[in-house]
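Notes follow once the structure below has been shown.
Order of listing sets the numbers, starting from 1, for every ligand and every atom in it.
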Amino acid sequence: MKLSFIGLGAMGYPMARHLAKEHEVVVWNRTAEKAARHAREHGTRQANDLAECADAEAVITMLPTSKEVDEIVDRLLPSVKEGTLWIDATSGDPNVSRETAKRLAERGVAFVDAPVTGAVVGAENATLTIMIGGSPENFERAKEILQLCGKTLIHVGGIGAGHAIKVLTNTIMGATVWITSECLLVAKQFGIDMKTAFEVTNAGSGRSNASENLLPMRLRDHKWPLVFKLLHHDKDIRIASQLAHQQHASTPMLALTQQLFSGALNQLGNDADYIEVAKIVAEMNGAKWD
Ligand code: NDP
């Protein structure tokens, strides 16, 4: 199949590599050098001009937010072919996606939102979970392509449903990271060593992905890699907050999580990793993790 892949960032770069194992893949990236390197290393073809991406059976976008996706849609709309499937793997905004899908539908282009979870390691190993919003027929079309990038592909509902559930699950993770950091800090201040605190937490009912995988490396071993930008995580939680607002939902925990993450982003900056919010938890208490 002829595919175009737009956005070779931390996630897009390895995803496009997997697709190239079975498909003819044209790649485009804002910083062109990355696309040239992808073509050299993985047998894809670099699009010198974005317009070249219009000549494909499916166009895949993996960009920071729906805003950048819309800018690309605007640029490709005049040349994109009827019958094309647009797969947006960005963690985007479901309301924006629905409007984008309408604009594409006027040109006979189908749309699915297909955000992913599983982090960079999941993209590298093609073990991502991919949640897809769109018609059953377009889900099947997208699945045929994206199964090269992921292990679990789930049809969530109509257009936007994938984006909605993605930001909501990331919000659950954000709140869990924050509360686990708070409680472990109190344990530390009480004189319990971090190794023991993690051992007990992970053997009991406080166990989570945060306590088992995300926090021990940082709080106990003092390693703070950049895995997922806090900038992106904050964006996801803000979208979740807007969805709640839109539905007149009473969600005080969600609102607080959004406030805490936006405050942490303002303090830590756009280049921080999302788990660095634990540093803010310590700072709020005049403490340090080391
Ligand atoms: P990166 O920041 O690593 O990459 C972003 C990509 O978008 C780059 O290719 C960048 O190009 C491109 N880009 C940025 N701005 C523009 C623009 N204005 N016009 C065109 N291209 C642009 O992001 P990730 O790969 O980490 O994340 C991508 C999406 O996946 C986000 O929505 C994120 O929330 C989601 N996600 C990320 C995960 C992770 O662990 N990293 C896990 C799950 C989902 P350039 O190279 O020129 O900067």
If the plane angle is over 60° it's perpendicular, under 30° parallel, otherwise tilted; pick one for H155 and F139. parallel
Per the under 4.0 Å non-hydrogen criterion, ligand 1 touches G7, L8, G9, A10, M11, N29, R30, T31, K34, M62, L63, P64, E68, E71, T90, S91, V116, A119, V120, K166, V227, F228, K229, H232, K235
Verify the distance criterion only: is there a donor paired with an acceptor across the side chains of K235 and H232 at less than 3.5 Å? no
Between R45 and E52, is there a side-chain N and carboxylate O pair less than 4.0 Å apart? yes
Are the side chains of E276 and L230 in touch, meaning some heavy atoms are under 4.5 Å apart? no
Where at least one partner belongs to residues 104-118, residue pairs that pass side chain to side chain donor-acceptor pair (under 3.5 Å), sequence neighbours excluded: none
Would you tell me whether T196 and E199 have side-chain atoms, one donor and one acceptor, within less than 3.5 Å of each other? no
